[in-house]
Amino acid sequence: MNRMWQMLVLCVLLCASTVLGEERAAGPRLSDAKLLACLDPDCAGLEKVIALRDSGQTPAALAALAGFVRARPETGDGGRRTKRDSQAGVAAAEKVLRHQFTVGGIT
């Protein structure tokens with residue numbers, strides 16, 4: 001019986017070391033500059049983003065891009081989903097973007 005427990009512990013340790021030893025991709029896979037470079041200059045509504053990108057103002061271009069995505073009425077994937085409800089509140093989404101969560105009444 002003791003030998004069986006030793007083998008079980010050895011198997012668990014080997015499995016754990018295999019899982020823990022895996023390399024995982026760290027950091028963003030697409031830089032801000034590459035993201036902005038991929039934007040279609042012919043896309044309506046992105047003129048401000050493209051202009052900021054071309055002038056080298058990356059943080060401002062990213063902020064403008066986020067504003068564009070938040071404000072557009074269509075979903076952006078070209079599918080047949082319904083348009084966004086213009087009356088829907090965005091307060092909950094803004095809290096998530098600020099990393100503010102309420103769980104069990106605790107914020």
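Keep in mind that the numbers below use all heavy atoms, side chains included, and drop hydrogens, waters and symmetry copies.
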Undergrad: Between side-chain atoms of residues 38-50 and protein atoms elsewhere (two or more places apart, or another chain), which donor-acceptor pairs fall under 3.5 Å?
TA:
residue, atom, partner, partner atom, Å
Asp40, OD1, Asp42, N, 3.0
Glu47, OE1, Gly45, N, 3.1
Glu47, OE2, Gly45, N, 3.4

Undergrad: Taking the hydrophobic residues Ile, Leu, Val, Met, Phe, Trp and Tyr, and joining any pair whose side-chain heavy atoms are under 4.5 Å apart, which ones share a cluster with Val96?
TA: Phe101

Undergrad: Could you grab the distance from atom CG of Leu36 to atom OG1 of Thr58, nearest 0.5 Å is fine?
TA: 6.0 Å

Undergrad: Can you sort out the partners of Ala60 under side chain to side chain contact (heavy atoms under 4.5 Å, CB included), two or more places apart, ordered by chain and number?
TA: Leu52, Gln57

Undergrad: Run the salt bridge (charged side-chain N to carboxylate O under 4.0 Å, His left out) test against Glu94 and tell me which residues pass, sequence neighbours left out.
TA: Arg70

Undergrad: Using side-chain heavy atoms (C-beta onward) and a distance below 4.5 Å, is Ile106 in contact with Thr102?
TA: no

